[in-house]
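Heads up: the structure comes next, in structure tokens.
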Protein chains: 2
Amino acid sequence: MQLNRYTDYGLRLLTYLAVLPPGQRASIDEISKVYDLSRNHINKIVHQLGKEGVIETKRGKGGGFSLARAPEQVNIADMVILLEKSMLIINCQTPTCRISPVCKLNGILLEAGSAFIDSLRKYSLADLVKDNREPLIQILDLN
Amino acid sequence: MQLNRYTDYGLRLLTYLAVLPPGQRASIDEISKVYDLSRNHINKIVHQLGKEGVIETKRGKGGGFSLARAPEQVNIADMVILLEKSMLIINCQTPTCRISPVCKLNGILLEAGSAFIDSLRKYSLADLVKDNREPLIQILDLN
DNA sequence: CTTAACCTACATTTTATTTGTATCTTCACT
DNA sequence: AGTGAAGATACAAATAAAATGTAGGTTAAG
């Protein structure tokens, strides 16, 4: 049971934006280089987060993107739900399970999935950079 | 974020064993047929659960397998941990993340993973067949 | 009008999962 | 003893999903 890299990369990207001084923009190039990740993957994530309104993107020369809200307002649970394709823990349909009409398992797993999300909901992007902004700036070469 | 089919099938199999009248044994053939699942997959699951002591397997003619403990004693959380290969929500090593030494994300996700497991821990196999043993017996053709 | 940036689409590669095939070992029953 | 039914074990193949790559389009600053 693991999150996709897509989601992982998305969270790394958001962490980057959270340490970025307000008013500054990041670029796809910059992020894929500093984290050494597939440029295309980052591209897709930026595109999605832009559409969803989490980040503000700007095209053209001198463009880039930055958080659309303060880090405190960006909840980790929401970001995981957004980035992860499916949050269904099991799929009773493929392959179809005959007992699913009377099966209690799905409900139990759904509840556990909610517990997972509820736990994440306690944190925002601000918590990711709290007390470690300095070393992050160092490592991410933001100066 | 989804459990492997292997885990899913394992839980279906355990449900079958939980409704099976005590003293009776199931066979790999029987289960893969009634659920219409890969015989080989079920084979592997039976093998693993046997090694782990969750079920008692018996070779040879008239053989088969059954729960080694009462359904009340078989916790869903334990079964998921057992069946699922990895419970790591993200992997900071592949590809290596530069900020991992100072990153808070892993801890947050670990905590959420624990919340998931803790939620499952409230249930045992007995809960899966409580109040619906009759329809399950019908559907699974156990008579 | 050139360049830097995001946008969009599609194609390819890689990996993990799932499934399949084959043979071995055990054991009950005749 | 021999036969057949059952799990044990190993390896091979197929599938699907994820990850990555390539190419060109669009926008905007200078």
Side-chain angles (χ1 to χ4, degrees), chain A residues 1-10 12-13 17 24-33 35-66 68 83-88 90-91 93-97, chain B residues 1-10 12-13 16-17 24-33 35-68 83-88 90-91 93-97:
Chain A
M1 194 180 72
Q2 208 167 325
L3 294 173
N4 291 330
R5 285 193 187 180
Y6 182 87
T7 303
D8 184 359
Y9 295 179
R12 296 186 194 187
L13 181 149
L17 295 182
Q24 254 183 261
R25 289 202 195 87
S27 75
I28 293 174
D29 238 41
E30 186 179 334
I31 291 197
S32 50
K33 269 178 191 148
Y35 281 121
D36 191 25
L37 300 175
S38 155
R39 203 184 174 291
N40 181 258
H41 236 68
I42 300 296
N43 192 334
K44 282 203 274 187
I45 293 164
V46 165
H47 181 52
Q48 189 197 347
L49 292 179
K51 268 200 312 184
E52 310 265 14
V54 177
I55 64 179
E56 272 167 358
T57 64
K58 189 161 190 293
R59 288 184 167 193
K61 199 167 179 174
F65 47 89
S66 56
L83 293 164
E84 192 70 11
K85 294 211 172 67
S86 160
M87 268 292 155
L88 291 175
I90 51 167
N91 187 339
Q93 259 50 59
T94 52
T96 316
C97 184
Chain B
M1 195 179 71
Q2 208 167 327
L3 294 174
N4 290 331
R5 285 193 186 181
Y6 182 87
T7 303
D8 184 0
Y9 295 179
R12 295 185 195 188
L13 181 149
Y16 189 97
L17 295 182
Q24 255 183 260
R25 287 202 196 89
S27 74
I28 292 174
D29 238 43
E30 186 180 334
I31 290 196
S32 49
K33 269 178 190 147
Y35 281 121
D36 191 25
L37 300 175
S38 154
R39 203 184 175 292
N40 181 260
H41 235 69
I42 299 296
N43 192 333
K44 283 203 273 188
I45 292 164
V46 165
H47 181 53
Q48 189 197 348
L49 292 179
K51 268 199 311 185
E52 311 264 15
V54 177
I55 64 179
E56 272 167 359
T57 64
K58 190 162 189 292
R59 288 182 168 194
K61 197 167 182 176
F65 47 89
S66 58
L67 290 176
L83 293 163
E84 192 71 10
K85 295 213 170 67
S86 160
M87 269 292 154
L88 290 175
I90 50 167
N91 188 339
Q93 258 50 59
T94 52
T96 316
C97 183

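Every chain is numbered from 1 and lettered A, B, ... according to where its sequence line falls, protein lines coming before strand lines. Keep in mind it's a predicted model, so treat the numbers as computed, not measured.
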With a 4.0 Å limit, can you tell me whether K58(A) has a side-chain N or O closer than that to the phosphate oxygens OP1/OP2 of dA29(D)? yes
Which comes earlier along DNA chain D counting from the 5' end, the contact point of H41(A) or that of D29(B), where each point is its nearest nucleotide? D29(B)
Kindly indicate whether the side chain of V46(A), heavy atoms from C-beta on, has any atom under 4.5 Å from the side chain of I31(A). no
For the CD1 atom of I90(B) and the CG atom of N4(A), what is their distance to the nearest 0.5 Å? 12.5 Å
Is it true that a side-chain atom of Y9(A) and a backbone atom of I45(A) form a donor plus acceptor pair closer than 3.5 Å? no
Under a 4.5 Å cut-off applied to non-hydrogen side-chain atoms, are D8(B) and L3(B) in contact? no
Distance from F65(A) atom CZ to H47(A) atom NE2, nearest 0.5 Å? 13.5 Å
Reckon R5(B) has a side-chain N or O less than 4.0 Å from the OP1 or OP2 of dA16(C)? no
Grab the CD-P distance between E84(A) and dA17(D) for me, whole Å please. 14 Å
To the nearest angstrom, the CD1-C1' distance between I45(A) and dC6(C) comes to 15 Å
Answer yes or no: does a side-chain N or O of T57(B) lie under 4.0 Å from OP1 or OP2 of dA8(D)? yes
Can you tell me how far CG of L83(A) sits from CZ of R5(A), rounded to the nearest 0.5 angstrom? 15.5 Å
Can you tell me the distance, in whole Å, between the CZ atom of R25(A) and the P atom of dA4(C)? 17 Å
Does Y9(B) place a side-chain N or O at less than 4.0 Å from the phosphate oxygens OP1/OP2 of dT17(C)? no
Using a cut-off of 4.0 Å on non-hydrogen atoms, how would the nucleic acid contact of K44(B) be classed: base, sugar-phosphate, or nothing? base
Check the distance between dA16(D)'s P and Q2(B)'s CD and give it to me in whole angstrom. 15 Å
Between atom CD in Q24(A) and atom P in dA5(C), what is the gap in whole Å? 13 Å
The residue among K85(B), Q48(B), H41(B), E84(B) that forms side chain to side chain donor-acceptor pair (under 3.5 Å) with Y6(B) is Q48(B)
Could you write out each protein N or O paired with an N or O of nucleotides 21-24 of chain C at a distance under 3.5 Å?
residue: dT21(C); atom: O4; partner: N40(B); partner atom: ND2; Å: 2.8

Over how many whole Å does the gap from I28(B) atom CD1 to dG4(D) atom P extend? 20 Å
Would you mind reporting whether L13(B) and Y35(B) have side-chain heavy atoms less than 4.5 Å apart? no
Any donor and acceptor pair, going by atom type alone, linking the side chain of R25(A) with main-chain N or O of G62(A) inside 3.5 Å? yes
What's the closest nucleotide to the K61(A) side chain, out of dT20(D), dT19(C), dT3(C)? dT3(C)
Among dA19(D), dG7(D), dT19(C), the one nearest F65(B) by side-chain distance: dG7(D)
Please report the end-to-end axis angle for the helix from dC1(C)-dG30(D) to dT30(C)-dA1(D), five pairs per end, rounded to 10 degrees. 0°
Hey, are the side chains of L37(A) and R12(A) touching, using non-hydrogen atoms and a 4.5 Å cut-off? yes
dT18(C) C1' sits how many Å from L83(B) CG, rounded? 15 Å
In whole angstroms, how far is the P atom of dA8(D) from the CD1 atom of I42(B)? 13 Å
Among the nucleotides dG20(C), dG7(D), dC6(C), which one has an atom lying closest to any side-chain atom of S38(B)? dG20(C)
